[in-house]
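Whatever order the structure lists them in is the order used to number ligands and atoms, beginning at 1. None of the values given here were measured: they were computed from a predicted structure. In what follows, every heavy atom counts, from backbone to side chain, and hydrogens, waters and symmetry copies are set aside.
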Amino acid sequence: MNSKIRMGMIGGGKNAFIGAVHRIAANIDGQIELVCGALSSNPETAKESGELLFLAEDRNYGTYQEMIEKESLLPAEIRMHFVTIVTPNFAHFAPAMMALENGFHVVIDKPISLTLDEAKQLRDKVLETGLTLCLTYTYSGYPLVKQARQMVKDGAFGKIRKVLVEYPQGWLSLPSERDGNKQSAWRTDPSKSGISGCMGDIGTHAAQLAEYISGLEITKICADLNIVVDGRPLDDDGNVLLKFNNGANGVLVASQIAAGEENALKIKVYGEKGSLEWHQEEPNTLKVKWLEAPTQLYRAGQGYLTPSAQFNARTPAGHPEGYLEAFANIYRNFALTLRSKLDGKTPTPEMLDFPGVEEGVRGMAFIENVVASGLSDQKWFDFKI
Ligand SMILES: NC(=O)c1ccc[n+]([C@@H]2O[C@H](COP(=O)([O-])OP(=O)(O)OC[C@H]3O[C@@H](n4cnc5c(N)ncnc54)[C@H](O)[C@@H]3O)[C@@H](O)[C@H]2O)c1
């Protein structure tokens, strides 16, 4: 196949947040082109948004149903290859299922759906159709997160004993949902966000990062969820004790009322021989501490990094890479996988290094288990899927 991979977008119209980030990320490597969209829940706004992006008039759709139906009828060399879904959580499942049922691959933002049951239905459909579903857990796309994961995998730290992950944000410290802030309005509304607020929105990122770097799976939890801003129906803060499948323990803290914090995701992983520490707001440095040797600083762009870190880096050392490039790594790996499949080849493990439907199911299980644990007096809860 010697052309770009064709993307259609659902959501991400004017004034939306993450859709624009997806478009930038999809564009960075020149592998993907946006050919159509149904960019808003309001058909008029959808069309206006598509005009601003110079979408062809006949592929600037009013609804996602129309988009999937009409794209399915186009010749194979013209129609989109995949759909990116960047709507609020309640509007993930229906377009994702419709896309898969009509033969389109899917990129979807986290959490994958509104409920665990929906996530499992998507997993079944992906398995049945053989199509690819990519889930944009952004933080696993950073080069030094790849480095951290590889060092743990190679046994550099010995057996992992403890994982501390914290994700404090401050942007929901005030009830901005009552002052017309659209992003906070749907995130604090259970019918649109799901059964959790903060833990669903950012706790899932923290849990995915902890499992991705450590290579472990959460098996038990003990959660304390809080509603700090009066009148909110969903948690805006919480703390979770964790047990992992190798016996390691951990703590996950997520908060959206941590006044003054921006997006301060941090992780520390402790093994028998040493530990690592990575901060999302300082993503080009990985701190590695040894029990019996001086601390080291690994830096993005350096030749000493593992092949997986180098494969996911673009700029020379000292030239900062960040959020958009990490996002682009997920798109690039997904696009390489699709291209390889479309050419009848088998994608390499490096290409397949992006989150998918299994991570989606685990993310929804995390939400449902954490909420159940938070409501219960029982100390430890088995992590059920
Ligand atoms: N990966 C990340 O780091 C990250 C960051 C932010 C948000 N997100 C996720 O992205 C999703 C969107 O969040 P956001 O903050 O961009 O929301 P947003 O409110 O800014 O934008 C949502 C967009 O979806 C559109 N929409 C809603 N229903 C639709 C439908 N049926 N058809 C077409 N368009 C529809 C809205 O009109 C709007 O354009 C959420 O699931 C959120 O959890 C992920």
Side-chain angles (χ1 to χ4, degrees), residues 8-26 36-50 52-53 60-68 83-99 106-114 118-119 134-142 167 169 171-172 176-177 180-189 191-194 196-206 208-209 234 254 256 262-263 265 280 283 322-331 354-355 359-360 363-364 367:
M9 181 169 270
I10 299 173
K14 54 183 191 180
N15 304 323
F17 167 41
I18 207 69
V21 174
H22 279 252
R23 289 193 292 271
I24 295 168
C36 61
L39 299 172
S40 171
S41 53
N42 175 322
E44 228 169 80
T45 313
K47 299 256 174 158
E48 281 167 27
S49 305
L52 292 172
L53 295 172
N60 184 11
Y61 300 102
T63 66
Y64 75 82
Q65 291 93 336
E66 184 193 357
M67 176 169 118
I68 293 172
V83 170
T84 282
I85 299 168
V86 280
T87 53
N89 308 350
F90 79 98
H92 286 184
F93 175 75
M97 188 53 94
M98 186 174 173
V106 170
V107 174
I108 192 164
D109 217 316
K110 45 52 60 182
I112 193 169
S113 52
L114 203 63
E118 287 179 352
C134 167
L135 184 65
T136 47
Y137 274 123
T138 324
Y139 303 108
S140 54
Y142 283 88
Y167 197 160
Q169 294 182 333
W171 73 287
L172 292 180
S176 53
E177 61 271 27
N181 181 322
K182 279 191 178 172
Q183 269 88 17
S184 47
W186 73 255
R187 280 177 174 79
T188 53
D189 175 349
S191 69
K192 297 195 163 66
S193 186
S196 166
C198 175
M199 279 297 160
D201 200 31
I202 60 172
T204 45
H205 272 302
Q208 193 265 341
L209 188 67
L234 293 175
Q256 294 181 306
E262 292 174 337
N263 198 55
L265 174 62
Q280 192 273 158
Y323 183 58
L324 298 173
E325 291 89 344
F327 229 114
N329 288 336
I330 294 178
Y331 266 97
F354 57 86
E359 286 84 348
M364 291 314 301
I367 293 170

Revision key, fill the gap. the protein heavy atom lying closest to atom 5 (C) of ligand 1 turns out to be Ile18 CD1, 3.3 Å

Review point. When you measure from atom 34 (N) of ligand 1 to every protein heavy atom, which one gives the shortest distance, and what is it?
Key: Ser40 C, 3.2 Å

Review point. So is there a nitrogen or oxygen of Asn15 less than 3.5 Å from a nitrogen or oxygen in ligand 1?
Key: no

Practice item. If you have a sec, work out which protein heavy atom is nearest atom 39 (O) of ligand 1 and how many Å separate them, to one decimal? Key: Gly13 N, 3.3 Å

Practice item. Please identify which atoms of ligand 1 are closer than 4.0 Å to at least one heavy atom of Thr136. Key: 1 (N)

Check your understanding: Counting heavy atoms only, which part of Ala38 comes closer than 4.0 Å to ligand 1: side chain, backbone, both or neither?
Key -> backbone

Exercise for review: Report yes or no: does a heavy atom of Gln183 sit under 4.0 Å from some atom of ligand 1?
Suggested key: yes

Review point. When you measure from atom 43 (O) of ligand 1 to every protein heavy atom, which one gives the shortest distance, and what is it?
Key: Lys110 O, 2.8 Å

**Study point:** Where at least one partner belongs to residues 36-47, residue pairs that pass salt bridge (Lys or Arg N to Asp or Glu O under 4.0 Å), sequence neighbours excluded
**Key:** none

Practice item. Could you tell me the residue and atom name of the protein heavy atom closest to atom 28 (N) of ligand 1, and the distance to it rounded to 0.1 Å? Key: Ser41 CB, 3.5 Å

Review point. Hey, which atoms in ligand 1 end up nearer than 4.0 Å to a heavy atom of His205?
Key: 1 (N), 2 (C), 3 (O)

Study note, to complete from the structure: Atoms of ligand 1 under 4.0 Å from any heavy atom of Ile10, numbered from 1 in the order shown, are 32 (N), 33 (C)

**Study point:** ring-ring contact (aromatic ring centres under 6.0 Å, His included) involving Phe327 - partner list, sequence neighbours excluded
**Key:** His22, Tyr323

Practice item. Compute the minimum heavy-atom distance from Tyr323 to ligand 1 and say whether it is under 4.0 Å. Key: yes

Point to revise | Phe17, any N or O under 3.5 Å of ligand 1 N or O | key: yes

Check your understanding: Of all the heavy atoms in Arg187, does at least one lie under 4.0 Å from an atom in ligand 1?
Key -> yes

Practice item. For Gly11, take its heavy atoms, then give the atoms of ligand 1 lying under 4.0 Å from any of them. Key: 24 (O), 25 (C), 33 (C), 34 (N)

Revision key, fill the gap. Of all heavy-atom pairs linking Ile367 and Met199, the shortest is CG1-O, 4.4 Å

Practice item. Write out the residue and atom name of the closest protein heavy atom to atom 3 (O) of ligand 1, then the distance separating them to 0.1 Å. Key: Thr138 OG1, 3.1 Å

Check your understanding: Is there a nitrogen or oxygen of Tyr139 sitting under 3.5 Å from a nitrogen or oxygen of ligand 1?
Key -> no

Review point. Which residue and non-hydrogen atom of the protein lie closest to atom 11 (C) of ligand 1, and at what distance in Å?
Key: Thr87 O, 3.2 Å

Point to revise | Check: His92 N/O within less than 3.5 Å of ligand 1 N/O | key: yes

Exercise for review: With heavy atoms of Asp201 as the reference, note each atom of ligand 1 found under 4.0 Å away.
Suggested key: 43 (O)

Review point. Would you say Asp109 has any N or O atom under 3.5 Å from an N or O of ligand 1, going by distance alone?
Key: yes

Practice item. Give the residue and atom name of whichever protein heavy atom lies nearest to atom 13 (O) of ligand 1, and the separation in Å to one decimal. Key: Trp186 CZ2, 3.4 Å

Check your understanding: Hey, is Leu39 one of the residues with a heavy atom under 4.0 angstrom from ligand 1?
Key -> yes

Review point. Just checking, any donor-acceptor pair under 3.5 angstrom between side chains of Ser49 and Ser40?
Key: no

